[in-house]
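Labels below follow one simple rule: chain letters A, B, ... track the order of the sequence lines, proteins then strands, and each chain is numbered from 1.
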Amino acid sequence: MADEVITRFAPSPTGFLHIGGGRTALFNWLFARHSGGKMLLRIEDTDRERSTDAAIAAILDGLAWLGLGWDGEVIHQFRRAGRHREIAEQLLAAGKAYYCYATPEELDDMRAKARAEGRPPRYDGRWRERAPSEAPPGIQPVIRLKAAQSGETVLDDKVQGCVAWANENLDDLVLLRSDGTPTYMLAVVVDDHDMGVTHIIRGDDHLTNAARQMQIYQALDWQVPVMAHIPLIHGTDGAKLSKRHGALGVDAYRAMGYLPEALRNYLVRLGWSHGDQEFFSMEEMIEAFDLAHVGRSPARFDFAKLENMNGHYMRQMHNADLLAALVAAWPHLPPRDDLPSRLDAEAQKKLLAAMPGLKERAKTLVELRDGATFLFAKRPLALDAQAEGVLEDGGRAHLAVLLARLSALEDWSPSATESVVRDYAEEMNLKLGQVAQPLRAALTGRITSPGIFDVLDVLGRGESLARIKDQAG
RNA sequence: GCGCCCAUCGUCUAGCGGUCCAGGACGUUGCCCUUUCACGGCAAAAACAGGGGUUCGAGUCCCCUUGGGCGCGCCA
């Protein structure tokens, strides 16, 4: 089992599961599954000020909704602080790290001066070779890594390729703060090592961190995991992903009526490709996913394509499954007072009957739900302006005739109602639309809806006739 | 400022030196289907950032310019 692939997703719980984080989790999950390995979950909660339990819950909820399960127990980084400290001290004892007594003010001055002189703002190593006996009184030191000052640090990144940094550009980073708590750099390295992580797949905002982390690995004589830094997702304007451009939590996507499988499919194709293939089932994704085809340039988030993809998924789903998805999403969708707040058995039955006509016309669950409004409307229906217009424009007279003829029908099947309406239109030398539109207006209150004979069928004889009667002139 | 990364249609991308007058998808436009709206079908417009090299041959390799992004904390 020594060569089993182990990836990890390591969010910091300072907010919801961001869409970019969702994609990172997806890539880690797919890579692990593809390789028959595991994906571990580590919560990076060492920032006690900003980490919250609510955020942890939101992240777990988001992952679950996306269908990305993790293996083993959730690791909480903060609880491992003792282990981190131990390693820092080990490094100190080995002469690979040292105490630094520079004060924050001193460091600020150092950086300000460096900037002013046009030099990079780095720690100058002033305590690197000094004995702790020279320490000024009353100062709690930090522990810094004694990093190599010459040569270079080279990362063979699976996505970015070979990336090299001159060590003189990397300063001696802090491992342990003056209050004895570990820094992120130390904690990440120690945790990934202890967790047996073999592949680190994360956003490329961590690329420079990778170099510094490699220095820690080297000081510890630990094997550096395989790294893959994936490009960040950008907004439609190419700049940082803003709220307006999709920088939302995955819960927001649920609220907008997207199916998790569609979001997953959209996300996997953002920065990764497999020839010309656009649609992937879960199995296909796992089978095809690889790091080699992850692109190096950042992708822009495009709602239009997501929406299209979601529409595809909705249409190919079985009606019962789509109904189940709608029922599950219902409480998360923006509320509307003209619709039931919960879907009881009766409501679900209506929805299922109307589903074939409804799902062709919706790209999201919100649209699906809104398209179903007529099913739950109370008589007499509130007509929108255009529906009103169709009825005013001679429609009511047709309704009166149709009411009589339809009332006489024994068989209320779509084919039966259709022949009644068609015959009438033919007799009057009208186009079918001239009769169908007033009917639609009376039955749904709108001028667009599923096929009118299906609407008649779904609504049922009693309700249909009553609605027609309400509007007949 | 310094370091690093990126650059094919509006967007996501295929392309790993010749098979590319650059392919697919979304979006857009037109036509068809049609009781509305959709769906579906067909078609069209639409790109190798610019400049130098290397090579018999470059979207594909190298350099520069330009334009984006990320990083440079006792945050993660």
Side-chain angles (χ1 to χ4, degrees), chain A residues 10-14 44-47 49-51 77 100 102-104 107-108 111 114-123 140-144 157 160-161 163-166 169-171 173-179 181-185 187-188 203-209 211-212 229 231-232 234 236 238-240 266 269-279 292-293 295-309 311 315 357-363 371 386 390 418 421-422 425 431-437 439-441 444 446-453:
Chain A
S12 42
T14 54
E44 307 212 317
D45 54 355
T46 52
D47 184 342
E49 302 286 299
R50 296 193 296 155
S51 300
Q77 191 162 61
C100 167
T103 63
L107 294 172
D108 284 346
R111 279 188 276 263
R115 268 183 201 280
E117 292 170 8
R119 288 179 293 113
R122 281 186 224 98
Y123 175 68
Q140 280 297 315
V142 299
I143 295 180
R144 284 183 187 270
D157 192 277
Q160 303 291 332
V163 186
W165 292 264
N169 289 323
L170 271 17
D171 60 3
L173 66 265
V174 174
L175 298 171
L176 210 64
R177 301 187 187 102
S178 52
D179 66 0
T181 60
T183 59
Y184 165 77
M185 287 294 177
V188 165
D204 71 3
D205 50 336
H206 285 288
L207 188 58
T208 341
N209 289 338
R212 327 188 72 155
H229 288 87
L232 266 15
H234 286 189
T236 26
K240 200 176 186 128
Y266 176 72
R269 283 284 292 104
L270 214 53
W272 174 79
S273 62
H274 186 63
D276 284 339
Q277 189 171 349
E278 297 284 347
F279 288 90
H293 290 87
R296 293 202 245 185
S297 56
R300 304 180 186 206
F301 195 88
D302 181 16
F303 272 108
K305 186 150 186 174
L306 204 211
E307 218 169 80
N308 171 275
M309 204 158 239
R315 267 173 266 129
L358 254 20
K359 72 178 180 185
E360 293 296 321
R361 278 157 256 264
K363 292 201 186 69
Q386 290 163 301
V390 167
E418 177 164 1
V421 177
R422 280 194 188 277
K431 283 178 153 178
L432 185 54
Q434 292 174 275
V435 186
Q437 282 304 85
L439 204 46
R440 188 186 316 280
T444 69
R446 304 185 186 180
I447 57 159
T448 69
S449 81
I452 197 63
F453 308 112

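Under the rule for a side-chain hydrogen bond (donor to acceptor under 3.5 Å, both in side chains), A/Asn308 has no partner lying at least two apart in sequence or in another chain. The side-chain hydrogen bond (donor to acceptor under 3.5 Å, both in side chains) search around A/Tyr184 returns A/His206, not counting sequence neighbours. Scored by the salt bridge (Lys or Arg N to Asp or Glu O under 4.0 Å) test, A/Glu418 finds A/Arg422 as partners (sequence neighbours excluded). With sequence neighbours left out, the side-chain hydrogen bond (donor to acceptor under 3.5 Å, both in side chains) criterion links A/His274 to no other residue. The side chain to side chain contact (heavy atoms under 4.5 Å, CB included) test applied to A/Asn169 returns A/Arg122, A/Ala166, not counting sequence neighbours. Under the rule for a salt bridge (Lys or Arg N to Asp or Glu O under 4.0 Å), the partners of A/Arg269 that lie at least two apart in sequence or sit in another chain are A/Glu278. With sequence neighbours left out, A/Arg361 forms a salt bridge (Lys or Arg N to Asp or Glu O under 4.0 Å) with no residue at all. Annotation: side-chain hydrogen bond (donor to acceptor under 3.5 Å, both in side chains) contacts of A/Lys363 (sequence neighbours excluded): none. Scanning for salt bridge (Lys or Arg N to Asp or Glu O under 4.0 Å) contacts around A/Arg50 gives A/Asp47, with sequence neighbours left out.
Nucleotide B/rG1 forms a Watson-Crick or G-U wobble pair with B/rC72, both donor-acceptor distances falling under 3.5 Å. When both distances must be under 3.5 Å, the Watson-Crick or G-U wobble mate of B/rA44 is B/rU28. Searching all strands for a Watson-Crick or G-U wobble partner of B/rG67 with both distances below 3.5 Å returns B/rC6. Across all strands shown, the partner of B/rC61 is B/rG53, judged by Watson-Crick or G-U wobble contacts whose two distances both fall under 3.5 Å. As the counterpart of B/rC39, no nucleotide is assigned, since no Watson-Crick or G-U wobble pattern has both distances under 3.5 Å.
The closest donor-acceptor contact from the side chain of A/Arg296 to the backbone of A/Gln160 lies under 3.5 Å.
Here the side chains of A/Gln386 and A/Arg446 are not in contact, with every heavy-atom distance at 4.5 Å or above.
Residue contacts for A/Pro450: at a heavy-atom cut-off of 4.0 Å it reaches a base atom on one of the strands shown.
Nearest-nucleotide mapping onto RNA chain B: of A/Trp272 and A/Phe279, the residue sitting toward the 5' end is A/Trp272. Where A/His274 and A/Ile452 each meet RNA chain B at their nearest nucleotide, the meeting point lying more 5' is that of A/His274.
Using atom C1' as the reference point in both B/rU11 and B/rG27, the two lie 8 Å apart (nearest Å). When the C1' atom is compared between B/rA46 and B/rG10, the two are found 9 Å apart, to the nearest whole Å. Between the P atoms of B/rC63 and B/rC4, the separation comes to 12 Å (whole Å). B/rU19 and B/rA76: their C1' atoms are spaced 50 Å apart (whole Å). Nucleotides B/rU60 and B/rC48 are separated by 10 Å at their C1' atoms, to the nearest Å. With C1' as the reference atom, B/rG51 and B/rG67 are 15 Å apart, rounded to whole Å. When the C1' atom is used for both B/rC21 and B/rC16, the distance is 22 Å, rounded to whole Å.
Residue A/Arg269 has no polar side-chain atom (N or O) positioned under 4.0 Å from OP1 or OP2 of B/rC26. OP1 and OP2 of B/rC72 both lie 4.0 Å or more from every side-chain N or O belonging to A/Arg111. When the side-chain nitrogen and oxygen atoms of A/Arg144 are compared with OP1 and OP2 of B/rC74, one or more of them lie within a distance under 4.0 Å. Residue A/Asn308 places at least one side-chain N or O closer than 4.0 Å to OP1 or OP2 of B/rG27.
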I'd like a list of close polar pairs between nucleotides 1-4 of chain B and the protein, N/O only, cut-off under 3.5 Å.
{"residue": "B/rG1", "atom": "O2'", "partner": "A/Gly118", "partner atom": "O", "Å": "3.1"}

Scan nucleotides 6-8 of chain B against the protein and return all N/O pairs shorter than 3.5 Å with their distances rounded to 0.1 Å.
{"residue": "B/rC6", "atom": "OP1", "partner": "A/Arg296", "partner atom": "NE", "Å": "3.4"}
{"residue": "B/rC6", "atom": "OP1", "partner": "A/Arg296", "partner atom": "NH1", "Å": "2.5"}

Heteroatom pairs (N/O) under 3.5 angstrom, protein to nucleotides 18-23 of chain B:
{"residue": "B/rG23", "atom": "N2", "partner": "A/Asp276", "partner atom": "OD1", "Å": "2.8"}

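Side chain of A/Val142, nearest nucleotide from B/rC74, B/rG15, B/rA76: B/rC74. Candidate nucleotides B/rA76, B/rG73, B/rU35 were compared by shortest atom distance to the side chain of A/Met185, and B/rA76 ranks first.
Remark: aromatic rings of A/Phe301 and A/Tyr266 are close, center separation under 6.0 Å.
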